[in-house]
Amino acid sequence: MATQTVAKPRTSLRVGVQKFGTFLSGMIMPNIGAFIAWGLITALFIEKGWIPVPALGGFGTNAEGVPYVGLVGPMITYLLPLLIGYTGGKMVYDVRGGVVGAIGTMGVIVGAGIPMFIGAMIMGPLGGWTMKKIDLLWEGKIRPGFEMLVNNFSAGIWGALLAMLGFYGISPLVQAFSTGAGNVVQFLVNNGLLPLTSIFIEPAKVLFLNNAINHGVLTPLGIQQSLEQGKSILFLLEANPGPGLGILLAYMFFGRGLAKGSAPGAAIIHFFGGIHEIYFPYVLMRPLLILAAIAGGMTGIATLAVTGSGLVAPAAPGSIIAVLAQTSRDSYVGVILAVLLATAASFLVASVILKTTKHSDETDLTDATSKMEAMKGKKSSISSALTGAGSGVGTAVLAGPIKNIVFACDAGMGSSAMGASVLRNKIKAAGFPDVKVTNAAIASLSDTYDVVITHQDLTERAKPVTSSAAHFSVDNFMNSPRYDEIVELVKEHNTEGGTPDAGAAAGAPGAAGHGAHVANAPLDAEPAEAAETALPSDILMADSVILNGTATTRDAAIDEAGQLLLARGAVDEGYLAAMHEREESVSTYMGSFLAIPHGTNAAKDHILKSAVSVIRYPNGIDWDGKQVKFVVGVAGINNEHLHILSSIAKVFTNKAQVAQLEAATSVEEVLELFGKVNA
């Protein structure tokens with residue numbers, strides 16, 4: 001059954017930087033609420049805020065002429081660095097490490113006189129780590145009754161020493177670094193070079209190195225700049241949602257398959273939820289799209305620089321809601337323009353790339369998501385939004401034996417029939433002949449199945465009406481690895497003591513599970529198999545087999561297969577249009593060089609009789625990025641066509657027989673091969 005893939009240990013420089021960035025993020029992210037609170041107080045109550053309040057904003061004097069301290073200064077100077085220092089120490093050595101880390105952080109705060117975020121990121125973990133090492137010196141050597149005395153005094157003494165180290169040693173170094181980094185940023189701003197940082201930031205985001213840049217450098221420098229100027233452009237160098245949104249919009253208009261279908265949902269999560277990692281697989285799928293992200297990032301930064309706009313505090317997560325909430329009072333026009341123009345630039349570049357390069361977006365999104373998780377080093381919390389939560393076993397808990405499996409597609413007569421045939425043979429070979437494997441249209445599904453298999457683009461349509469079933473998504477109907485997972489699931493639920501369930505094998509009463517609606521029918525009477533006993537002689541005829549097709553494109557091949565059905569009098573003109581409509585919604589590529597174009601479920605009225613056409617393309621044609629050499633046109637009434645589809649499925653799951661088809665020199669050889677597999 002489906003299992004999560006654990007990323008292998010990696011030792012590259014990128015991984016080291018990534019881990020460092022993750023550690024920095026671990027100190028910042030738990031305290032983002034405090035940053036937001038400070039940002040809101042700053043935006044509202046400072047002298048240039050929306051509601052200036054001297055006592056809160058820290059400007060002006062009271063009746064006695066004493067300057068107001070306010071909340072803004074103390075929070076940024078003391079509260080936020082202390083929270084970071086405590087969190088960093090706690091990450092290393094629990095609460096004890098947090099306390100010592102906070103004490104050490106106080107030393108750099110007072111010693112520098114400026115917000116010491118970088119100092120806190122140093123002193124917090126340093127305090128936790130050193131305290132942990134010191135405690136190891138006398139672990140198990142303290143006399144009973146003296147533990148509290150030793151622990152409290154050791155933490156107090158070492159904390160005091162760290163505070164002095166921070167005051168005299170670390171503080172000057174960090175202050176010099178902050179000043180130097182600030183000068184570099186100012187140089188870039190003064191010379192119009194700041195947009196060039198996107199060349200590094202945007203690829204870093206996709207490679208999960210953004211935390212090291214954003215939380216390690218940009219946020220501390222941005223806080224200092226915001227304290228001095230009331231806002232900072234640095235908060236939007238990485239957090240601008242525009243570049244990612246532009247890429248996702250381009251996929252919505254010019255993508256294909258799963259990538260196109262999932263892009264709208266991903267755009268909502270990215271733009272409003274602020275989860276930027278959701279667009280990373282779309283870039284990894286086509287690495288050239290990093291140019292679109294860079295173009296968007298540079299455009300956004302240039303807009304901010306020209307308009308002199310910025311945020312008062314970090315926007316985390318990078319949602320448009322968080323961005324607007326932290327926007328300086330005088331920067332709304334500039335910030336909104338920066339997001340819109342970044343989106344537009346990214347969209348234009350991504351659109352050109354998607355339109356001018358050939359690539360399969362339908363199946364590669366899953367691979368790209370896996371690649372993203374491998375780089376991240378763990379399963380992504382948003383992966384299911386891209387690949388479908390049904391990419392493995394669904395959330396339903398199967399309480400008993402599996403008796404009824406359905407393979408569902410849009411029309412229920414083409415891809416689902418072949419997929420069901422392949423899976424049925426695998427389950428029989430595993431020793432479970434009484435497990436029913438049928439096929440159906442999604443529109444006819446009911447919540448009476450144990451397992452539901454669908455194309456990955458259709459899983460979300462099937463789930464609401466089959467919520468009690470386990471769901472599997474596939475993208476390759478001939479040899480999907482999901483079939484083996486389903487077989488393992490059947491073995492797990494239908495085996496007792498290491499052998500197939502005896503009661504099930506004997507057709508014991510009450511063993512039908514969810515499949516109660518077919519309990520009165522013979523267990524082997526599914527449509528595809530029942531049809532095998534009485535094959536209509538005119539389903540596949542010699543005049544419907546072409547060994548050398550003339551089409552060179554997917555759409556032309558669909559037309560060629562449909563014209564053969566039309567010539568047979570099996571369908572009318574409306575069915576041909578429905579074949580193209582079906583292809584645009586979900587690809588009929590099956591794997592093993594095979595595609596089986598057929599109409600939609602709504603087009604069944606256009607079928608006059610059952611028929612199948614077979615066309616071979618020796619040189620292959622491009623089927624949405626996949627090579628197809630055999631196109632099988634399908635039209636079926638009352639499951640009469642399922643027998644020949646079952647035969648075709650058996651052939652195309654056998655590499656030797658596929659090779660025979662490729663080498664066939666006559667129509668009779670093709671017909672004979674399909675006939676032999678049913679003997």
Side-chain angles (χ1 to χ4, degrees), residues 1-2 388-428 430 432-475 477 480 482-495 500-501 503-505 507-530 586 601 639 642 645-646 649:
M1 54 193 300
S391 59
V393 178
T395 55
V397 178
L398 300 176
I402 294 174
K403 291 299 174 186
N404 209 17
I405 299 175
V406 65
F407 202 121
C409 72
D410 183 60
M413 63 177 173
S415 54
S416 63
M418 297 190 75
S421 179
V422 173
L423 180 60
R424 185 184 302 116
N425 292 333
K426 285 181 173 287
I427 289 179
K428 282 184 177 180
F432 300 92
D434 297 319
V435 175
K436 291 180 62 63
V437 183
T438 57
N439 63 285
I442 284 184
S444 66
L445 290 177
S446 60
D447 198 13
T448 53
Y449 301 99
D450 298 307
V451 176
V452 177
I453 306 104
T454 51
H455 186 278
Q456 58 192 14
D457 288 355
L458 299 174
T459 302
E460 293 307 315
R461 286 176 56 189
K463 280 186 174 182
V465 292
T466 53
S467 57
S468 64
H471 283 261
F472 284 78
S473 295
V474 299
D475 59 8
F477 296 91
S480 173
R482 298 298 178 201
Y483 296 159
D484 294 329
E485 296 172 9
I486 296 168
V487 171
E488 290 301 316
L489 188 67
V490 170
K491 288 180 180 179
E492 179 181 334
H493 285 268
N494 293 35
T495 301
D501 183 75
H514 289 306
H517 68 300
V518 293
N520 295 325
L523 286 176
D524 59 349
E526 51 238 298
E529 293 187 325
V586 181
N601 189 50
N639 298 322
L642 297 183
L645 286 182
S646 178

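Given the structure is predicted, the values throughout are model-derived calculations rather than measurements.
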**Q.** Minimal non-hydrogen separation, Lys428 against Pro433, with atom names
**A.** CG-CA, 4.1 Å
Q: Give the minimum heavy-atom separation between Lys426 and Val487, together with the two atoms involved.
A: CB-CG2, 4.0 Å
Q. What distance separates Leu423 CG from Ile486 CD1, expressed to the nearest 0.5 Å?
A. 5.0 Å
Q.
Keeping Asn404 on the side-chain end and Asp450 on the backbone end, is there a donor-acceptor pair under 3.5 Å?
A. no
Q.
I need the Ile405 CD1 to Lys436 NZ distance, nearest 0.5 Å.
A. 11.0 Å
**Q.** Pairwise side-chain contact, Val451 with Phe472, heavy-atom cut-off 4.5 Å (strictly under)
**A.** yes
Q) How many angstroms lie between atom CD1 of Ile427 and atom CG of Leu489, to the nearest 0.5 angstrom? A) 9.5 Å
